[in-house]
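First the structure, in the form of structure tokens, and then the observations on it.
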Amino acid sequence: MSFSIATWNINSVRLRMPLVERFLLEKAPDVLCLQETKCPDDQFPSTAFRKLGYQHIVISGQKGYHGVATVARRPIELVEKRDFCTMGDCRHLSVRVTAGDKKVLLHNFYVPAGGDEPDPGINPKFRHKLDFVAEMNAIRADHDATSGSVLVGDLNIAPLEHDVWSHKQLLKVVSHTPVETENFEAMRKAGDWVDLMRLNVPYEQKIYTWWSYRAQDWESSDRGRRLDHVWSSQNLASSFTGYEILREARGWDRPSDHVPVIARFDLE
DNA sequence: ATGGTAGACACTCTA
């Protein structure tokens, strides 16, 4: 059976519900993980999701900032909402979902952006980001014959040279500094995660999921970064059949600065 | 080298 998981930093789920509807109607993923919902739980647009067939909803939201939500066509069971760095931020939730012959533990992450100054000594937001990634070392790609793990989200780091429009020009820009990219890749490998978006793609090929709001013309300048990620355990990587970055969503009316990524699996 | 845009919420923060 086919099984698909989408991830999208929506930058206010209430404001952009029309875009979410369009996306779910066009692409119909089994599960959608949202980040930056900016919405307290009691104001989450659950009714709209249910009408679209996404009847199973797990949310971790707060007023004004951050917030993650996972919605699905099939039952999902909350596993954990973890408070990384004990800041009280809503930046993670994990659920369990059955797909074919596997029980999948699905993590939805929103890693701190880290501010502008890439110096943890003078910028507490950057310190927080590094601490958060360090704490993610505890999140492992657990799997056995009947289970697997997936980790998706806005991880706010573009780890590889061709995950940014200009490696050289971004080496001192938060999201692509060596301390971030090195710690990030070490953390991914420590957890035995497979970077599915790079699995069958040449190293030199550019991959972006985010384009700044500040560009005069995001499309022609195309100064993007790969900040959104889809990882899985080794056993699910062998069931992975491909993915899609919905670049066109960046050109929709009043868009998020991130676009959806949809990963597909074929399970027994 | 700089400043550019966007959203929430209530004036300034976060991204």
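Letters A, B, ... are given to chains in the order of the sequence lines, protein chains preceding strands, and every chain is numbered from 1. Just the heavy atoms: all of them, side chains too, but no hydrogens, waters or symmetry mates, feed the values below.
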Could you say whether A/H258 or A/R254 is positioned toward the 5' end of DNA chain B, judged by the nucleotide with the nearest heavy atom to each?
-> A/R254
Counting side-chain heavy atoms from CB outward, which of B/dT14, B/dT5, B/dA8 is closest to A/Y213?
-> B/dT5
Could you state the atom-to-atom distance from CG of A/N123 to P of B/dT14 in whole Å?
-> 10 Å
Any cation-pi pair here, A/R223 with A/W165, using under 6.0 Å and within 45°?
-> yes
Measure from OH on A/Y65 to C1' on B/dA6 and round the result to the nearest Å.
-> 14 Å
What is the ring orientation for A/F84 with A/H92, classed by angle as parallel under 30°, tilted 30 to 60°, or perpendicular over 60°?
-> perpendicular
Sticking with atom P, work out how far B/dA10 lies from B/dT14, rounded to a whole angstrom.
-> 14 Å
Specify the separation, in whole Å, of atom CZ of A/R225 and atom P of B/dA15.
-> 14 Å
Separation of A/N9 atom CG from B/dG7 atom P, in whole Å?
-> 12 Å
Taking NZ from A/K38 and P from B/dA15, how many angstroms apart are they, rounded to a whole number?
-> 9 Å
Send over the distance from A/D116 CG to B/dG4 P, rounded to a whole Å.
-> 14 Å
Parallel, tilted or perpendicular: rings of A/H66 and A/Y110 (30°, 60°) | tilted
For the student: nearest non-hydrogen atoms of A/A69 and A/N108, plus distance = O-ND2, 3.0 Å
Checking only heavy atoms, does the side chain of A/R214 share a donor-acceptor pair with the base of B/dA15 at less than 3.5 Å?
-> yes
Please state whether the phosphate of B/dA15, meaning OP1 or OP2, lies under 4.0 angstrom from any side-chain nitrogen or oxygen of A/R91.
-> yes
Name the nucleic acid region contacted by A/R223, choosing base, sugar-phosphate or nothing; use a 4.0 angstrom heavy-atom cut-off, strictly under.
-> nothing
Between A/A215 and A/G114, which is nearer to the 5' end of DNA chain B once each is assigned its nearest nucleotide?
-> A/A215
To the nearest Å, how far apart are A/K63 NZ and B/dA10 P?
-> 4 Å
Gap between atoms CZ and P, on A/R14 and B/dG7 respectively (whole Å) | 13 Å
Shortest non-hydrogen pair, A/R74 vs A/V97, comes out as CD-CG2, 3.4 Å
Considering only the P atoms, how many Å lie between B/dC13 and B/dA1, rounded to the nearest integer?
-> 26 Å
